[in-house]
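A short write-up of the structure that comes next.
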Amino acid sequence: MLTTLEKILFVLLAGGSLYYGGKRFYDVYRVISRGKPDPRLDNLPERIRRAILIVLTQQSVFKTRPIVSVLHAMVFYGFVFYFLVNAVDVIEGFFSFQARGGFWNPFNLMADLLTAGVLVGMIGLMLRRFFVRPQDFAFAPNVPLQPEVRPGIVRDSSIVAAFILFHVGSRLLFTATRLVSEGADPFHPVSSVFAGMFSGMGPGAVEVWNHFFWWGALGSILIFIPYFPRSKHIHIFMAPINLALKKPNPGALQPMDFENEEVFGAAKLEEFTWPRLLDAYSCIMCNRCQDVCPATNTGKALSPAAILINERFELNAIFPSFAAGQESPRPLLDFALNEEAAWACTTCNACVEVCPVGNEQMLHIIDVRRERVLAAAEFPNGLKNTFNHMERAGNPWGISADERLTWAKGLPFPVPTLDQNPDPEVLYWVGCAVAFDPRAQKIARSMAAIFNSAGVSWAVLGKEEKCTGDPARRTGNEYLFAQMAAENVAALDAAKPKVIVTTCPHCFHTIANEYPQFGGNYQIKHHTQFITELMQNGTLKVSASADGSMTYHDPCYLGRHNGIFDQPRALIQSTGAQLTEPQRNRSNSFCCGAGGGQFWKEEEKGNERVSTNRYRELKQTGAKTVATGCPFCMRMITEETAKEEEGAAPQVLDIAEIVAKNLTK
Ligand code: SF4
Ligand code: SF4
């Protein structure tokens, strides 16, 4: 038990620590509150339940880096239990109570083993960071970094590691000194071993060490609490909140209120919505997101991790004044990212998917793009043409709507428009890429063959169909997107489709997830889903006669954004082909490089094209055919195959083409 003087000292220290720590935590709250509104409190009980599940199972951590994840789990579970351990230690220090025997035996055993777990885990993580120094923690020289980032990360990691080792190590030795007089305890197997270190000392010396380690275990927390808000260790509190308040579908971008919003997008920290600022405080600086980012992987100036880490260090630098409501001193483009980085993102969602703390890195970039396009009017030249085409011709190609049914010419059966078939079972949303790209037109022809073979009553909008607005939305031109969305919703409402089927994942994503923001609620299916249903209900028959191997490239807007992974694979296998997966597949798939408006502009400077990186991996499977379910992916991969010598490249086919080739009736 503590002496009276120690008790007074502890109470004073705890009061001071909680006062200063609490004040700083409150300031963090005020910083996050500086962000613009973003409603995230719907369905709160379910959000909390989900976050607790993710945190307790550590499932978001275990998505990648298995060894590091095990080490992190050892530290995490130990720390969760330490909330209890610390409370019990304080009670023991203040009162003549001893947590021994009966119920306390399993508690002590657990505490002892988890103590060892935390120490092993922490030492492992430290060895990795400071001695193994894997590339995971490195930033490419062309990635802009806030000046404090490099020294700050090392300093913060060292302080956090030192705190954990001292705090938990002291607790271990505190127990060990107690066991010198009590004797070895089977419920303290680890501490009993360390008790031997003190066995040669006199009782007075052991008592001094006992008090020293009690203070080491608990006093260190009080000293650390005020530092918490500056440290990445604050993720202990912020990550669960962030996971609970995460958007269910981050790719469904937030609409803008042009009537009432005073600033468009974000030029400065305070112009972000509040979840962006929470992201910066939740980031554990693990760089997992840059590991999977197609832009980082191909040498562009974009690292999603760097954006959030830069923001966090900038917030630390301006902390009290920003919390108090002062304007941040400089624009995001001066410290968080540069123009190149902002325009290198393919909006593939890989960063969001892999982040263990639920950050939405991609949305930081979208906010910056919105400001660039809507306020600064500074954006890549390629996009200027694209926006013009969309405004003028209703599609990014700038081709007349009269050409929308060119793909249907020469088919041995008619392609009905809504005028000819006003009440179809299926409205086929062709999409601009499939309507205008000569290679992709074969996808529409295959779909037409499939509809006919299955006896589906179908129709197309024909000239009435327009671009969904997807390229405008991903590149920050929310104004243009809102216009196109409103026009399309009006057209679709008039058409009253029972089911919309589309062959383009970008159209699918926009209509399914974003048109509801504009009052458009439709049942929409990607063609891989629809064809699967036709086969399951027996209306479409396919022969399993395809030979040879196929690999499948998951389009980002079909897989990661919308969770459609199984149907395309099942369809490939239904044709008898042997499916060989590329190394990065399903939710870990690697972008083709077309998304996020990249298709419509020059790719930013880097060491290779994103599509080259992806194609290399697809080719390494040795498959004769690369299958995909997106006309943009098809185009990007096909352009890569065109660089090969004749006969050296696999053929690239859409799932609809593969199915259509194998129809039996
Ligand atoms: S969305 Fe994709 S391209 Fe954009 S930052 Fe994230 S991982 Fe990189
Ligand atoms: S944003 Fe997420 S994945 Fe990226 S460094 Fe931070 S915690 Fe890691």
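Just follow the structure's listing: the first ligand is 1, and inside any ligand the first atom is 1.
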Mind listing the protein N/O/S atoms less than 2.8 Å away from atom 8 (Fe) of ligand 2? Waters don't count.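 Checking every protein N, O and S atom gives Cys286 SG.
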
Would you confirm whether the ring centroid of [Y] sits within less than 6.0 angstrom of the ring centroid of [X]?
X: Tyr227; Y: Phe163; result: no
X: Tyr82; Y: His167; result: yes
X: Tyr29; Y: Phe25; result: no
X: Phe518; Y: Phe481; result: yes

Non-hydrogen atoms of Val352 versus ligand 1: any pair closer than 4.0 Å?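 Per 4.0 Å heavy-atom rule, Val352 does not contact ligand 1.
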
Measure the distances from the heavy atoms of Thr346 to every atom of ligand 1 and state whether one is below 4.0 angstrom.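 For ligand 1, residue contact (heavy atoms, under 4.0 Å) with Thr346 is present.
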
Is Arg230 positioned over the aromatic face of Phe319, cation under 6.0 angstrom from the ring centre and no more than 45 degrees off axis?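 That pair does not qualify as a cation-pi contact.
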
Ring-face cation of Arg635 near Phe599 (centre distance under 6.0 Å, axis angle within 45°):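 No cation-pi geometry.
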
Where at least one partner belongs to residues 264-299, residue pairs that pass ring pair (Phe, Tyr, Trp, His ring centres under 6.0 Å), sequence neighbours excluded: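 Checked against ring pair (Phe, Tyr, Trp, His ring centres under 6.0 Å) - neighbours excluded - the pairs reaching residues 264-299 are Phe258-Phe264, Phe272-His364.
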
Counting distance only, does the side-chain N/O of Arg47 pair as donor-acceptor with the main-chain N or O of Ala244 below 3.5 Å?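 Yes, the answer is positive, given that a donor and an acceptor are paired below the 3.5 Å cut-off.
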
Write out the residue and atom name of the closest protein heavy atom to [atom], then the distance separating them to 0.1 Å.
atom: atom 2 (Fe) of ligand 1; answer: Cys348 SG, 2.4 Å
atom: atom 4 (Fe) of ligand 1; answer: Cys345 SG, 2.3 Å
atom: atom 6 (Fe) of ligand 1; answer: Cys351 SG, 2.3 Å

With heavy-atom distances below 4.0 Å as the criterion, list the atoms of ligand 1 near [X].
X: Met362; result: 1 (S)
X: Asn349; result: 1 (S), 2 (Fe)
X: Ile365; result: 5 (S)
X: Thr347; result: 1 (S), 4 (Fe)

Looking at every non-hydrogen atom in both residues, tell me the closest pair between Pro144 and Asn310 and how far apart they are.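 Residues Pro144 and Asn310, closest heavy atoms: O-ND2, 2.9 Å.
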
Can you say whether the rings of His561 and Tyr557 are parallel (under 30°), tilted (30 to 60°) or perpendicular (over 60°)?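 Ring orientation of His561 relative to Tyr557: parallel.
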
Given that the side chain starts at C-beta and the backbone is N, CA, C, O, which of these parts of Leu302 lies under 4.0 Å from ligand 1, counting heavy atoms, or is it both or neither?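 The part of Leu302 near ligand 1 is the side chain, not the backbone.
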
Just checking: Cys293, one of its N/O/S atoms, less than 2.8 Å away from atom 8 (Fe) of ligand 1, yes or no?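 Yes, within the cut-off.
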
If you measure from each non-hydrogen atom of Gln361 to ligand 2, which part falls under 4.0 Å: side chain, backbone, both or neither?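 Side chain only.
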
Pair up each side-chain donor or acceptor in residues 335-345 with any protein partner under 3.5 Å, not counting sequence neighbours, and list the distances.
from: Asn338; atom 1: OD1; to: Glu340; atom 2: N; distance (Å): 3.3
from: Asn338; atom 1: OD1; to: Ala341; atom 2: N; distance (Å): 2.8
from: Glu339; atom 1: OE2; to: Arg372; atom 2: NH1; distance (Å): 2.7

How would you list, by chain and number, every residue that makes a side-chain hydrogen bond (donor to acceptor under 3.5 Å, both in side chains) with Glu261, sequence neighbours excluded?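 Applying side-chain hydrogen bond (donor to acceptor under 3.5 Å, both in side chains) to Glu261 gives none.
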
